Novice: 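This is the structure, below, for whatever I ask next.
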Protein chains: 2
Amino acid sequence: MPGYKIGELAERTRTNAPTIRYYEEIGLLPRPERQEGNQRRYAEDDVRRLTFIRRCRAFGFSIDQVRALVELVQDRTRSCAEARDLAHTHLMDVRAKLRELKALEKSIAGFVATCDAQCAGGPGSECVILDELATIEPAGNRACCESAV
Amino acid sequence: MPGYKIGELAERTRTNAPTIRYYEEIGLLPRPERQEGNQRRYAEDDVRRLTFIRRCRAFGFSIDQVRALVELVQDRTRSCAEARDLAHTHLMDVRAKLRELKALEKSIAGFVATCDAQCAGGPGSECVILDELATIEPAGNRACCESAV
DNA sequence: TTACGAGTTCAAGTAACTTGAGGTTCAAGA
DNA sequence: TCTTGAACCTCAAGTTACTTGAACTCGTAA
């Protein structure tokens with residue numbers, strides 16, 4: 001039997017089999033050939049395509065963005081510059097998220113540190129930090145509440 | 001009429017009204033009093049509680065984690081140290097995500113730079129980067145594919 | 001031949017809300 | 001007092017990107 005079974009494709013691309021069927025359903029992957037017993041058989045090209053898709057997903061591109069990228073690769077009339085621009089837009093998004101996450105890291109680290117320094121380990125209702133989290137107007141300039149919300 | 005209407009609570013806590021109803025439905029917020037026309041009326045305590053919830057969510061805690069935190073605040077028999085530990089666990093998660101995102105940023109930036117330097121802007125099917133993304137075994141040590149997957 | 005793992009389909013579940021439909025209530029202006 | 005329109009109500013379905021479950025068939029090794 002030539003070609004890969006779904007489990008083999010899954011292994012090669014580190015994807016779950018149901019995810020592969022899902023990609024087929026939403027049209028990200030073409031419907032593959034079936035062997036006599038109705039089982040899917042994939043070719044080398046499917047491995048490449050799915051690898052591409054998974055890698056893009058790992059890069060944080062949304063399914064719709066990946067779809068655009070896949071179509072772009074397929075369509076000889078469209079330029080590589082489009083892919084570059086899509087990636088560039090995505091880069092801006094990632095950088096914004098990175099900034100947020102850094103602020104968040106700082107805040108939570110501050111939370112833990114303050115808790116270590118100021119709380120006696122008593123009931124949660126007396127915890128200075130939990131109390132602060134519930135405060136409507138963030139008092140002063142505590143790093144803890146700066147980036148929240 | 002004493003108390004806040006849902007729209008007022010929403011404004012004070014920068015939350016959508018449907019989200020407030022949703023939180024009530026899943027038991028994160030207690031069922032509020034209703035006035036004669038069946039409209040919800042909230043007290044100051046609800047503002048505090050929802051502020052707490054929203055802030056925790058902004059900190060990236062999951063609904064389940066927030067639920068644990070809320071219960072912790074309410075239960076006088078449980079210690080503040082539990083909150084600290086929960087936050088600490090969360091901090092580790094955030095740091096892991098931060099590392100991933102940094103690698104991702106580097107990779108996409110590399111993608112864009114390589115595209116600027118090497119692609120002639122021709123058809124996507126000839127783009128060196130798109131081509132690389134579809135390559136099964138990442139060739140060499142290009143930063144582009146290192147962190148993906 | 002008989003297990004049993006791997007495959008099949010279809011439906012429903014997941015998180016954390018958002019959106020829509022269709023109907024009431026409230027508050028302010030004429 | 002009436003009327004209008006914003007804000008409220010409930011219930012259901014949509015969103016994203018899959019995952020999980022049920023109930024069944026197929027392929028292959030002992």
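All values below were derived from every heavy atom in this structure, side-chain atoms included, with hydrogens, water molecules and symmetry-related copies excluded. Within every chain, numbering begins at 1; the chains are lettered A, B, ... in the order of the sequence lines, protein sequences first and strands thereafter. Computed from a predicted model, the values in this text were never measured in an experiment.
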Novice: Does B/Tyr23 have a side-chain nitrogen or oxygen under 4.0 Å from the phosphate oxygens OP1 or OP2 of C/dC17?
Specialist: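 True: B/Tyr23 side-chain N/O within range (under 4.0 Å) of C/dC17 OP1/OP2.
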
Novice: Just to verify, which of A/Ile63, A/Thr13, A/Leu28 counts as forming a side-chain contact (heavy atoms from CB on, under 4.5 Å) with A/Ile53?
Specialist: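 Filter result, single survivor: A/Leu28.
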
Novice: From C/dA16, D/dC18, D/dT10, pick the nucleotide closest to the side chain of B/Arg40?
Specialist: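 For the B/Arg40 side chain, the nearest candidate turns out to be D/dT10.
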
Novice: Of all the nucleotides listed (C/dC26, C/dA16, D/dG27), which has the minimum atom distance to the side chain of B/Tyr22?
Specialist: C/dA16

Novice: Scan side-chain atoms only and decide if B/Arg49 and B/Tyr42 contain a donor-acceptor pair under the 3.5 Å cut-off.
Specialist: no

Novice: Does A/Arg21 reach a base, just sugar-phosphate, or nothing at all? Heavy atoms under 4.0 Å.
Specialist: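 Here A/Arg21 touches the bases of the nucleic acid.
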
Novice: Of the candidate nucleotides D/dA17, D/dT19, D/dC9, which contains the atom at the shortest distance from the side chain of B/Asn38?
Specialist: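 Selected nucleotide: D/dC9.
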
Novice: In whole angstrom, what separates A/Arg67's CZ from D/dC18's C1'?
Specialist: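 My rounded result for the distance is 14 Å.
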
Novice: Looking at B/Asn16, I'd like to know whether one of its side-chain N or O atoms comes within less than 4.0 Å of OP1 or OP2 on C/dC17.
Specialist: no

Novice: Measure from the side-chain heavy atoms of B/Ser62 and tell me the nearest of C/dG7, C/dA16, D/dC18.
Specialist: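 Of all the options, the side chain of B/Ser62 is nearest to C/dA16.
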
Novice: Check every strand shown and say whether B/Ile26 touches a base, only sugar-phosphate, or nothing at a heavy-atom separation below 4.0 Å.
Specialist: nothing

Novice: Of the candidate nucleotides C/dA16, C/dC26, D/dA17, which contains the atom at the shortest distance from the side chain of B/Gln39?
Specialist: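 Looking only at side-chain atoms, B/Gln39 lies closest to C/dC26.
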
Novice: In whole angstrom, what separates B/Lys5's NZ from D/dA6's P?
Specialist: 14 Å

Novice: Atom CZ of A/Arg41 to atom P of C/dA6: distance rounded to whole Å?
Specialist: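 Nearest whole value for this atom pair: 14 Å.
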
Novice: Between B/Arg40 and B/Glu33, does any NZ, NE, NH1 or NH2 come within less than 4.0 Å of an OD or OE carboxylate oxygen?
Specialist: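 Looking at B/Arg40 together with B/Glu33, the answer is no, because their closest N to O distance does not fall below 4.0 Å.
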
Novice: Among the candidates C/dT9, C/dA27, D/dT19, find the nucleotide nearest to the side-chain atoms of A/Pro18.
Specialist: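 For the A/Pro18 side chain, the nearest candidate turns out to be D/dT19.
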
Novice: Does D/dT19 have OP1 or OP2 under 4.0 Å away from a side-chain N or O of A/Thr19?
Specialist: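 For D/dT19, OP1 or OP2 has a side-chain N or O of A/Thr19 closer than 4.0 Å.
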
Novice: Side chain of A/Arg34: nearest nucleotide among D/dC18, C/dT8, D/dT20?
Specialist: C/dT8

